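Here the structure is laid out as structure tokens; the discussion comes afterwards.
These numbers were taken from a predicted model, which means no experiment stands behind them. In this chain, residues are counted from 1 in sequence order.
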Amino acid sequence: MHRGIVLLGQEARLFPHLTARENVAFGPRAAGMPASVARAEADEWLARVGLPGTGDRRPAQLSGGEQQRVAVARALSAEPRVVLLDEPLVALDAVTASEIRAMLRERLAGVTTVAVTHDAVDAAALADRLVIVERGRVTQQGPVREVLAAPATDVAARIAGLERLEGEARGGAFVRGELSLASTDPASRALAATEGRALAAVFPASAMRLGEGIAARVSHLEPTPTGVRVVTDHGAAEVPPVEASSIRPGHVVRVSVAPDRVRFVAAS
């Protein structure tokens with residue numbers, strides 16, 4: 001506490017014998033703030049995280065999501081100089097997570113923060129700089145928007161919600177085996193102008209269309225919140241359930257990506 005470092009993890013880890021108010025007031029009181037002032041500020045913090053009037057409840061009387069909100073209030077009430085975030089929003093529903101994410105962004109402005117997440121929304125909302133770590137090795141780093149727009153690895157692409165295929169420049173297009181993709185993006189076209197250059201094509205799964213283009217074999221299907229992700233040896237297409245109803249692993253389908261939906265980035 002004296003070092004001004006706070007860890008906010010996936011589990012709330014509240015003090016079970018203290019009320020929500022006393023949990024939130026713990027940091028300020030440990031720093032020397034009078035108890036009455038710390039408790040009053042704790043109630044304000046509980047209201048900010050959407051839990052007004054819950055100060056007298058103990059952790060066992062709160063839901064998992066409510067406990068995590070109290071943990072957020074406890075962390076921020078300590079006015080830390082450094083905050084370590086380890087996926088603190090995973091226990092929250094989508095609406096609450098969005099609200100807490102916005103509050104963290106506002107309250108942590110100017111505070112050194114290191115956040116661990118697998119969620120591109122968290123990265124885009126909370127971070128200025130993104131570091132991709134795979135198997136203990138940094139594979140890409142830079143401004144968040146730049147990394148998410150031009151992922152250097154398949155893992156980074158999945159975090160960004162994009163498909164990523166590696167190939168080379170040939171005839172001003174991206175070529176991977178029998179698959180050839182064009183792009184209307186000026187920067188992508190400039191990259192593809194160097195014959196034989198290693199390229200990666202990136203595009204959202206929703207951009208790949210089935211029914212026309214090059215033949216591709218289906219490896220498996222993955223349900224998504226909005227449809228079905230049809231994974232092939234030439235990338236994945238996200239389609240409505242009705243469109244995927246007759247497709248099975250091993251089937252051969254035809255796939256294409258419109259030039260205005262694909263970008264090329266340099267590949268190692």
Side-chain angles (χ1 to χ4, degrees), residues 3-13 64 68 71-72 74-76 78 80-94 96-98 100-168 174 176 187-188 191 197-207 219-220 222 224-225 229 231 233 235-236 238 262-268:
R3 296 177 181 177
I5 301 175
V6 167
L7 169 64
L8 184 58
Q10 299 177 26
E11 298 179 5
R13 297 187 183 278
Q68 194 68 352
V72 170
R74 181 177 64 175
L76 297 181
R81 292 184 294 106
V82 178
V83 175
L84 308 178
L85 301 177
D86 181 11
E87 297 191 294
L89 305 179
V90 293
L92 305 177
D93 62 80
T96 302
S98 178
I100 298 299
R101 191 182 291 116
M103 187 186 71
L104 286 173
R105 177 69 180 181
E106 176 185 354
R107 298 293 175 179
L108 294 177
V111 178
T112 300
T113 305
V114 178
V116 177
T117 183
H118 294 87
D119 190 331
V121 176
D122 286 348
L126 299 175
D128 299 311
R129 187 172 184 82
L130 182 60
V131 179
I132 303 293
V133 180
E134 301 177 41
R135 298 180 180 179
R137 184 172 64 90
V138 174
T139 57
Q140 188 176 7
Q141 60 181 306
V144 174
R145 299 292 180 182
E146 292 182 12
V147 172
L148 294 179
T153 67
D154 291 344
V155 170
R158 290 303 297 271
I159 292 174
L162 297 173
E163 297 298 311
R164 181 180 183 276
L165 302 175
E166 290 196 356
E168 65 177 25
F174 166 89
R176 171 192 170 100
S188 298
L191 284 173
R197 181 172 191 167
L199 293 179
V202 294
F203 53 88
S206 59
S219 63
H220 61 281
E222 301 173 354
T224 72
R229 190 167 177 265
V231 183
D233 51 4
E238 186 167 329
V262 64
R263 296 176 61 251
F264 305 148
V265 298
S268 57

What are the two closest non-hydrogen atoms of [X] and [Y], and how far apart are they?
| X | Y | value |
| --- | --- | --- |
| Ala156 | Gln140 | CB-OE1, 3.8 Å |
| Pro80 | Val111 | O-CG1, 3.6 Å |
| Ala200 | Ala267 | N-CB, 3.9 Å |
| Val202 | Ala149 | CG2-O, 4.1 Å |
| Ala152 | Thr139 | CB-O, 4.4 Å |
| Leu191 | Ala266 | CD1-N, 3.9 Å |

statement: Across all chains, not counting sequence neighbours, the side-chain contact (heavy atoms from CB on, under 4.5 Å) partners of Ala115 are Leu85
Is there a donor-acceptor pair closer than 3.5 Å between any side-chain N or O of [X] and the backbone N or O of [Y]?
| X | Y | result |
| --- | --- | --- |
| Arg263 | Ala187 | no |
| Ser206 | Glu238 | no |
| Ser188 | Phe264 | yes |

Atom [atom1] of [X] and atom [atom2] of [Y]: how far apart are they, to the nearest 0.5 Å?
| X | Y | atom1 | atom2 | answer |
| --- | --- | --- | --- | --- |
| Glu87 | Thr117 | CD | OG1 | 5.0 Å |
| Thr96 | Gln68 | OG1 | CD | 11.5 Å |
| Phe203 | Arg164 | CZ | CZ | 11.5 Å |
| Ile100 | Asp93 | CD1 | CG | 10.0 Å |
| Arg81 | Ile5 | CZ | CD1 | 6.5 Å |

Got [X] and [Y] here, is their nearest side-chain heavy-atom distance under 4.5 Å?
| X | Y | result |
| --- | --- | --- |
| Ile159 | Pro151 | no |
| Leu76 | Met103 | yes |
| Glu163 | Arg229 | yes |

- request: For His220, look at atom NE2 and say whether over 12 heavy atoms of other residues, nucleotides or ligands are found less than 6.0 Å away.
  value: yes
message: Can you confirm whether Arg107 is buried at CZ, in the sense that more than 12 heavy atoms of other residues, nucleotides or ligands lie under 6.0 Å from that atom?
response: yes
message: If you apply the rule side chain to side chain contact (heavy atoms under 4.5 Å, CB included), what do you find for Leu126 with Leu104, and how did you get there?
response: CA-CA 7 Å; Leu126 299 175; Leu104 286 173; 3.8 Å; yes
message: Tell me which pairs pass salt bridge (charged side-chain N to carboxylate O under 4.0 Å, His left out) where either residue lies in residues 118-130, with sequence neighbours left out.
response: Arg101-Asp122, Arg105-Asp128
query: Under the side chain to side chain donor-acceptor pair (under 3.5 Å) rule, what pairs show up with a residue in residues 143-155, not counting sequence neighbours?
result: Glu134-Thr153
task: Identify which one of Ile132, Leu130, Leu162 satisfies the side-chain contact (heavy atoms from CB on, under 4.5 Å) criterion when paired with Leu148.
output: Leu130
- request: Go through the steps for Phe174 and Val262 under the test side chain to side chain contact (heavy atoms under 4.5 Å, CB included), then give the verdict.
  value: CA-CA 10 Å; Phe174 166 89; Val262 64; over 6 Å; no
